[in-house]
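See structure below.
A quick note: this is a predicted structure, and the numbers were derived from the prediction, not measured. Per chain, numbering begins at 1; letters A, B, ... match sequence-line order.
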There are 2 protein chains.
Amino acid sequence: MSKEEPDTAANGADAPSWREQAVARSLDSARTRAENRVQRFLDAALELMAEGDRKDFTVQEVVERSGQSLRSFYQYFGGKHELLLGLFEESVRTTTAQLAKRIDSKGGEEPVDRLHTFVVEYYKMCQPPRKGKGREALPSPILVRFALQLLTAHPAESSRAFVPLVSLFDELLLAAIDAGAIRSDLNRQAVTGPVLQVIMFNTFSSAIVDGADDLSAQDGAEALWDVVVNGLGA
Amino acid sequence: MSKEEPDTAANGADAPSWREQAVARSLDSARTRAENRVQRFLDAALELMAEGDRKDFTVQEVVERSGQSLRSFYQYFGGKHELLLGLFEESVRTTTAQLAKRIDSKGGEEPVDRLHTFVVEYYKMCQPPRKGKGREALPSPILVRFALQLLTAHPAESSRAFVPLVSLFDELLLAAIDAGAIRSDLNRQAVTGPVLQVIMFNTFSSAIVDGADDLSAQDGAEALWDVVVNGLGA
DNA sequence: CGAATCACGAGAACTTGATTATCGTCCGTC
DNA sequence: GACGGACGATAATCAAGTTCTCGTGATTCG
């Protein structure tokens, strides 16, 4: 890759303004084609974990399912972890959008109510699907599983992926503080992580304590909210 | 050449004389011999993760280090996960004992103080080793990593392994409730998991939020305690 | 037009790590 | 002194990720 102009080839991702229009044509086709291919891999992976209670998938499976080749896969992704990261980012975006929507519709007037809705709804989304009802395509626990892998293996990347969710939470938190419902002496940065983490990985809590599973998702969520807001203290 | 006598070569580093003496000499029944072998595998694994910042080890390494054979390994362990489970159980026991000791010495008069000590000290133990000081053999973050693997892959076994820690926490919690410092309307079962989990996996919190690392272990621990006890509410 | 290039599919090959199988030896027992 | 079990050494197998090689159709460029 040494014989082309430095204008188009060097950037694959961000850098929106540039002089896109000028080279829109040639670049556009190449880019959309690439994006399309990437998306096909992502979709295939999503499909794989949606079906069955697949806890994991292999690169091979993704490749086959996507109708593309291993070669292409490694051309577009640096490795499986990049695919995971892609899935995860997308999942966080989706989840956050859905949360925002639910909060706008169900969240009450008060900022605390909106925060409450965030906690309860996010809790539910991270819960493993209860036996009985077929959910929509909500691969939430899968997301959680990946979150773990990514958080341990690639903390920096995952924190980038978490940004939308963290931002939403932070907005709600700030609003609730301004409204006087939440302590104003909090270090928001320092509090956001633990709160999101305790919700997201709530599944583990039950596993740690063994027989602590007897709450419905709704009750568990409300109980957690209670503790988060009021604390353990008398 | 790896055919030394098993008495001296197995333990190189620190001085967990453990049960070697007993075994080496008098009792040599089949059971103690077996336990000795199992223990050598465990020690070897512990050793491996103590040295370097090894995040993981292979079965081969453990086998070599322990001076035993692959065959024996699979004779005594159903697989790597059983070794992990063994390590984890032992680690929880050790950690719990150490916690109990610290609480007895540093914990104050009041039950809340003892609970406070639990939270703060356990927090520190689960923290990745700060650069600067050479710690004793406290493979805590490694423990945490394993906890994750086990919690996701073998929830039942891990909850069994957690029993000592959970019991200790529950005792302290109950005492604090009786003393009137902690809400009496709590479902202890339902609260223990989240609290332990948020302490143990605190590392993730920083990774989720990105730039939330600027607290010392002590400050982070106190901040978390504050939130746990007082909650977010105004 | 023809050659170079490229993107891509098909699939083999390589790598690491777990797990299993084979073989031979040592050691205590009968 | 033979037998059987425990054990070490080592090879074989299996799975999954990753890389490599070849071939082909399309595009480009001289």
Nearest whole angstrom, please: distance from the C1' of dC7(D) to the CG of N36(B). 14 Å

Nearest 0.5 angstrom please: L148(B) CG to F88(B) CZ, how far? 9.0 Å

Write down the distance between CD (E82(B)) and C1' (dA18(C)), rounded to a whole number of angstrom. 14 Å

In whole Å, what is the span from the CG atom of D56(B) to the P atom of dT16(C)? 15 Å

Using the six-membered ring of F73(B), assess whether NZ or CZ of K80(B) lies under 6.0 Å from its centre and within 45 degrees of the ring axis. no

Euclidean distance, N202(B) CG relative to Q197(A) CD, rounded to 0.5 Å: 7.0 Å

Using a 4.0 Å heavy-atom cut-off across all strands, classify F57(B) as base, sugar-phosphate, or nothing. sugar-phosphate

For atom CZ of F77(A) and atom P of dT19(D), their distance in whole Å: 15 Å

Taking side chain as C-beta onward, heavy atoms only, is T152(A) less than 4.5 Å from F204(B)? yes

What is the separation between atom NZ on K80(B) and atom C1' on dT20(C), rounded to the nearest whole Å? 17 Å

Point-to-point distance, once rounded to the nearest 0.5 Å, from CE of M200(A) to OG1 of T95(A): 10.0 Å

Between R40(B) and G67(B), what is the shortest heavy-atom contact and its length? NH2-O, 3.8 Å

Using a cutoff of under 3.5 Å, can you pull out all pairs of nitrogen or oxygen atoms linking the protein to nucleotides 8-12 of chain C, with atom names and distances?
| from | atom 1 | to | atom 2 | distance (Å) |
| --- | --- | --- | --- | --- |
| dC8(C) | OP1 | R37(A) | NE | 2.6 |
| dC8(C) | OP2 | Y76(A) | OH | 2.9 |
| dC8(C) | O3' | R37(A) | NH2 | 3.4 |
| dC8(C) | N4 | R71(A) | NH2 | 3.2 |
| dG9(C) | OP1 | R37(A) | NH1 | 3.4 |
| dG9(C) | OP2 | S69(A) | N | 3.3 |
| dG9(C) | OP2 | S69(A) | OG | 2.9 |
| dG9(C) | OP2 | S72(A) | OG | 2.3 |
| dG9(C) | O6 | R71(A) | NE | 3.0 |

Check whether any side-chain heavy atom of F169(A) lies under 4.5 Å from a side-chain heavy atom of L99(A), and answer yes or no. no

Counting N and O atoms only, with roles assigned by atom type, does the side chain of E61(A) sit under 3.5 Å from a partner on the main chain of F57(A), one being a donor and the other an acceptor? no

Write down the atom of Y123(B), the atom of A217(B), and the distance for their closest heavy-atom approach. CE2-O, 3.4 Å

E61(B) atom CD is separated from dT19(C) atom C1', nearest whole Å, by 17 Å

Does OP1 or OP2 of dT19(C) have a side-chain N or O of Y74(B) closer than 4.0 Å? yes

Rounded to whole angstrom units, what separation is found between the CG atom of L48(B) and the P atom of dG17(C)? 13 Å

When the C1' atoms of the five terminal pairs at each end define the local axes, what inter-axis angle does the helix from dC1(C)-dG30(D) to dC30(C)-dG1(D) show, to 10 degrees? 30°

